[in-house]
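Working notes, structure below.
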Amino acid sequence: MSRNADGSKPDRTRRRLLAALGGSASVALAGCSAIFGGDDEDGEDGGETPTPSGDGEDGEDGGSSDGEDGEDGGSSDGEDGEDGGDMTHADKAQAAWETVANNPSPKDQDLRNEAYVEIEEAVRDDMVMINFAHDITENFWYPKVDWDRTGALGGSYHQHKTTSVEGSDRLQLVNSTNSSLDPVESDDTASATVIHKCYDKLVHYPQGVPELQNQVLDSFELSDDGLTYTFSLKEGVMFQNGDELTASDVKYTIRRLAEADQSVRAEFVFDAPNGAGIAHETETVTDDEGNESEEVVPDSLAIEIVDDYTLKVTTEVPNPAVMDVLTYQAFGILPEGLIGDIEGYDGEVGVDTLRTQQTFGTGPWQLESWSQNEEMLLSRFDDYYGSTAEQAEIIYRIVEDPEPRWTLILEENLDIFSIPTSFYNRNNYTVNETDDRGRGVGTYYLEQNDVDLGYQRFTSLVTRYFGFNVANTERPVRKAIAYVLGQNEINDQVFEGRKEPAFSFTPPSIWPTGTDGYDQWVSEWPYGTEDEPGASNVQAATQLLEENNIEETEFTVTTYKSPTYQDAAALVRDKLASTSVNFTLEEAAFSDLIQRGYDGDLQMYSLGWAWSWESVAYGHFGFEPKNTDTSGMPEDNNGYYLDWHVNLSENQ
């Protein structure tokens with residue numbers, strides 16, 4: 001889904017998901033972001049790029065990585081299907097995804113919601129992925145800080161325009177490492193945290209709250225056929241280089257995302273529902289070795305400049321997710337012709353300048369200086385078209401390890417932050433009130449400094465999971481692991497209560513049939529005990545293995561190099577010790593883990609997924625069985641590394 005594990009550019013023609021459509025009745029959230037679990041806590045990431053996450057900064061932090069999983073493999077208890085029926089679980093998931101993709105109209109939302117639940121059912125009943133945690137975001141701040149709270153989409157969206165620090169004109173935050181601030185080649189949370197502050201887009205999510213608001217957009221109209229968007233821009237919006245923003249700048253920005261060689265999110269232009277699905281032309285290109293590929297024809301995007309402040313964008317099919325997709329950092333608007341990396345432009349500055357030396361957006365902050373792996377300084381953009389920022393500067397301390405971050409906190413060299421799990425006391429927070437978005441606000445007693453910190457807590461749109469390659473694993477073994485895993489125990493023992501036990505890939509806050517539907521789903525979860533969904537049930541696992549004559553079986557779980565995930569996997573291993581499954585733990589570098597996923601060389605692995613916008617479809621496209629065929633990854637398929645296609649009836 002993003003830059004390949006070896007750092008190379010992904011094929012922009014990567015399989016376009018069946019047709020389009022979008023997400024929830026509100027704002028569609030798709031934001032391809034996978035998470036693998038940072039270092040010692042609740043890191044997260046999106047794209048296939050590791051970044052130590054977790055305890056970071058102002059609720060932004062972390063990286064973003066979007067790896068997935070692959071699996072399949074015939075099982076003894078009724079192939080991969082419904083134990084004897086003609087339709088397999090994979091068939092059910094495939095049919096449900098095609099229902100989603102072929103019914104993109106807003107009036108078909110209920111039909112799509114039913115299909116999303118059917119996909120979740122197929123995943124659960126075939127146990128191709130065991131989800132165990134949804135992230136809980138916690139923010140802490142010293143009493144001298146006044147700021148607007150972060151929303152469920154995360155702190156990377158927070159612009160801190162109204163944040164103030166008593167007695168200081170500098171806001172002190174923390175971030176992880178990143179290598180580029182070029183919007184089209186940055187897909188991790190650490191980069192997004194800065195890009196969202198320096199580059200405004202047509203629309204955005206204020207503070208990460210999932211409610212679309214205009215940025216440089218004044219208004220828009222959608223044609224009766226649901227295909228053409230007419231965007232009217234605000235006048236007098238100035239870039240940081242002194243130019244005024246016009247419609248041509250917006251077109252240039254989207255063309256760079258679609259056509260530039262360094263773009264890592266071109267699919268967000270072409271694909272749907274995990275993209276805008278903008279109409280375009282392609283051509284067959286042959287490389288020096290005779291390999292053919294389909295590439296977008298330069299300047300063929302269906303974007304029409306009407307006048308200086310008006311443009312029209314036409315999509316291939318109706319797609320309710322379009323406006324939400326445009327909130328992604330890659331759509332941060334640049335001056336036309338700034339970089340000469342697409343046809344028709346020579347460029348005014350080199351791409352390295354854009355990456356690391358200067359920002360050119362219309363956002364409220366601009367890059368002042370950047371010492372790689374040490375600190376980054378942003379200064380207020382005084383010609384910002386909206387209300388200028390309260391503070392004069394933001395300084396980011398680039399620190400990833402928990403201990404030095406903790407030192408910065410105790411020395412009050414961070415104003416807004418997250419406390420690393422190893423230094424966290426779950427008994428020290430108090431929630432005094434909960435708002436209508438489920439965000440709890442209260443205090444946290446920092447005993448080392450004898451001070452009550454401000455405290456915020458809410459469930460974010462992040463899912464942690466163990467995936468299985470079905471081709472390499474048997475279904476009874478996968479289900480036995482689901483029985484012993486114990487979401488509640490992992491949350492309590494490994495994550496210090498800082499996660500919400502997960503019983504589905506889709507987070508509760510965007511469950512297709514609402515809160516009551518999710519509560520019903522949890523009550524019917526089959527892998528716990530009768531009294532407690534999510535409890536570990538070793539007896540049921542043992543019985544299942546015996547009934548299916550599973551004798552001594554070697555089984556390996558591969559995690560990213562993270563003590564947290566190794567601890568979670570170790571709990572599973574210990575529970576299986578009395579069964580016929582010999583459970584082995586191994587660690588792999590993130591790039592190696594992703595490459596092994598592409599190669600179909602995993603049995604069970606741990607990764608995660610974070611949404612950048614609220615579309616259930618954005619996460620579910622990766623379950624389409626045909627899209628999980630690892631033999632076509634990463635060029636043609638971009639699903640989870642499941643090889644679930646082998647269980648389709650046509651492949652049995």
Side-chain angles (χ1 to χ4, degrees), residues 2-3 31 33 43-47 49 51-53 56-65 147 150 153-161 163 170-201 204-208 215 239-241 253 257 262 264-265 327-334 338 351-381 384 389 391-400 414-418 610 612:
S2 59
R3 184 173 291 278
S33 249
E44 80 200 57
D45 61 339
T49 309
T51 77
S53 47
E57 92 229 54
D58 84 319
E60 332 190 333
D61 197 327
S64 197
S65 155
W147 71 305
T150 298
L153 291 170
S156 65
Y157 284 96
H158 209 305
Q159 291 193 307
H160 289 292
K161 290 186 292 186
T163 300
R170 171 182 283 187
L171 176 63
Q172 303 176 108
L173 304 174
V174 67
N175 205 359
S176 297
T177 58
N178 64 283
S179 59
S180 175
L181 295 181
D182 181 351
V184 305
E185 70 173 355
S186 303
D187 66 347
D188 59 273
T189 307
S191 300
T193 292
V194 180
I195 291 171
H196 281 305
K197 292 175 178 60
C198 299
Y199 294 90
D200 276 358
K201 304 164 294 296
H204 75 138
Y205 295 124
Q207 289 79 247
Q215 279 194 317
F239 285 108
Q240 291 161 8
N241 68 352
T253 293
L257 181 57
Q262 67 267 31
V264 298
R265 288 300 193 191
T327 65
Y328 193 71
Q329 69 257 24
F331 291 92
I333 301 169
L334 293 169
L338 181 73
V351 69
D352 286 340
T353 299
L354 179 64
R355 286 169 174 156
T356 62
Q357 300 171 31
Q358 187 176 353
T359 54
F360 296 87
T362 61
W365 301 95
Q366 58 191 349
L367 181 64
E368 190 70 25
S369 63
W370 183 6
S371 298
Q372 285 279 357
N373 302 320
E374 294 181 8
E375 66 181 34
M376 180 186 293
L377 183 65
L378 305 182
S379 62
R380 179 173 54 212
F381 179 40
Y384 183 61
Q391 299 294 108
E393 297 177 335
I394 296 177
I395 186 167
Y396 281 105
R397 320 285 185 183
I398 302 174
V399 181
E400 296 177 343
L414 293 177
D415 296 319
I416 306 170
F417 46 87
S418 177
S612 295

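Everything numeric here is computed off the predicted structure, so don't read it as measured data.
Residue Q391 holds its CD atom at 12.5 Å from CG of L378, rounded to the nearest 0.5 Å. The CG atom of N178 sits 10.5 Å away from the OG1 atom of T189 when rounded to the nearest 0.5 Å. Considering NZ of K161 and CZ of F381, their distance stands at 13.0 Å, rounded to 0.5 Å. Note that the CG atom of L181 and the CD atom of Q357 stand 11.0 Å from one another [nearest 0.5 Å]. How far OG1 of T356 is from CG of D182: 10.5 Å, rounded to the nearest 0.5 Å.
Under the salt bridge (Lys or Arg N to Asp or Glu O under 4.0 Å) criterion, E374 pairs with no residue, sequence neighbours left out. For D200, the side chain to side chain donor-acceptor pair (under 3.5 Å) partners at least two apart in sequence or on another chain are Q159, Q215, Y384, Y385. In this view, N241 and D243 satisfy the side chain to side chain donor-acceptor pair (under 3.5 Å) rule, not counting sequence neighbours. Residues forming a side-chain contact (heavy atoms from CB on, under 4.5 Å) with T253 (at least two apart in sequence, or on another chain): I333, L334. Taking the side chain to side chain donor-acceptor pair (under 3.5 Å) definition, one finds that R397 meets it with Q172, sequence neighbours left out. H204 pairs by the ring-ring contact (aromatic ring centres under 6.0 Å, His included) definition with nothing, not counting sequence neighbours. For the side chain to side chain donor-acceptor pair (under 3.5 Å) test, no residue two or more places apart in sequence or in another chain qualifies with E375. Partners of D415 by salt bridge (Lys or Arg N to Asp or Glu O under 4.0 Å), not counting sequence neighbours, listed by chain and number: K144. Partners of R380 by salt bridge (Lys or Arg N to Asp or Glu O under 4.0 Å), not counting sequence neighbours, listed by chain and number: D382.
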Task: From CA spacing to verdict: side chain to side chain donor-acceptor pair (under 3.5 Å), T177, E400 - done: CA-CA 8 Å; T177 58; E400 296 177 343; 2.8 Å; yes
TODO: Would you sort out whether R265 and Q329 count as a side-chain contact (heavy atoms from CB on, under 4.5 Å), showing the intermediate values?
DONE: CA-CA 10 Å; R265 288 300 193 191; Q329 69 257 24; over 6 Å; no
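Residue pairs meeting the ring-ring contact (aromatic ring centres under 6.0 Å, His included) criterion with at least one member in residues 181-200, sequence neighbours excluded, are Y157-H196. Screening residues 358-371 for side chain to side chain donor-acceptor pair (under 3.5 Å) gives Q240-T359, E368-S379 as the qualifying pairs, with residues at least two apart or on separate chains.
Side chains of I394 and K197 form a contact here, defined as non-hydrogen atoms less than 4.5 Å apart. Side-chain contact between L171 and I416 is present, with heavy atoms from C-beta onward closer than 4.5 Å. Within the 4.5 Å cutoff, the side chain of L173 has no heavy atoms near those of the L414 side chain.
Smallest separation of non-hydrogen atoms from S180 and S186: O-OG, 2.6 Å. T150 approaches G155 most closely through the heavy-atom pair CG2-N, 3.4 Å. Among all heavy-atom pairs drawn from F360 and F239, the shortest one is O-CD2, 3.2 Å. Considering every non-hydrogen atom in both Q372 and S179, the closest pair reads NE2-O, 4.1 Å.
With hydrogens and angles disregarded, a donor-acceptor distance shorter than 3.5 Å links the side chain of N175 to the backbone of A190.
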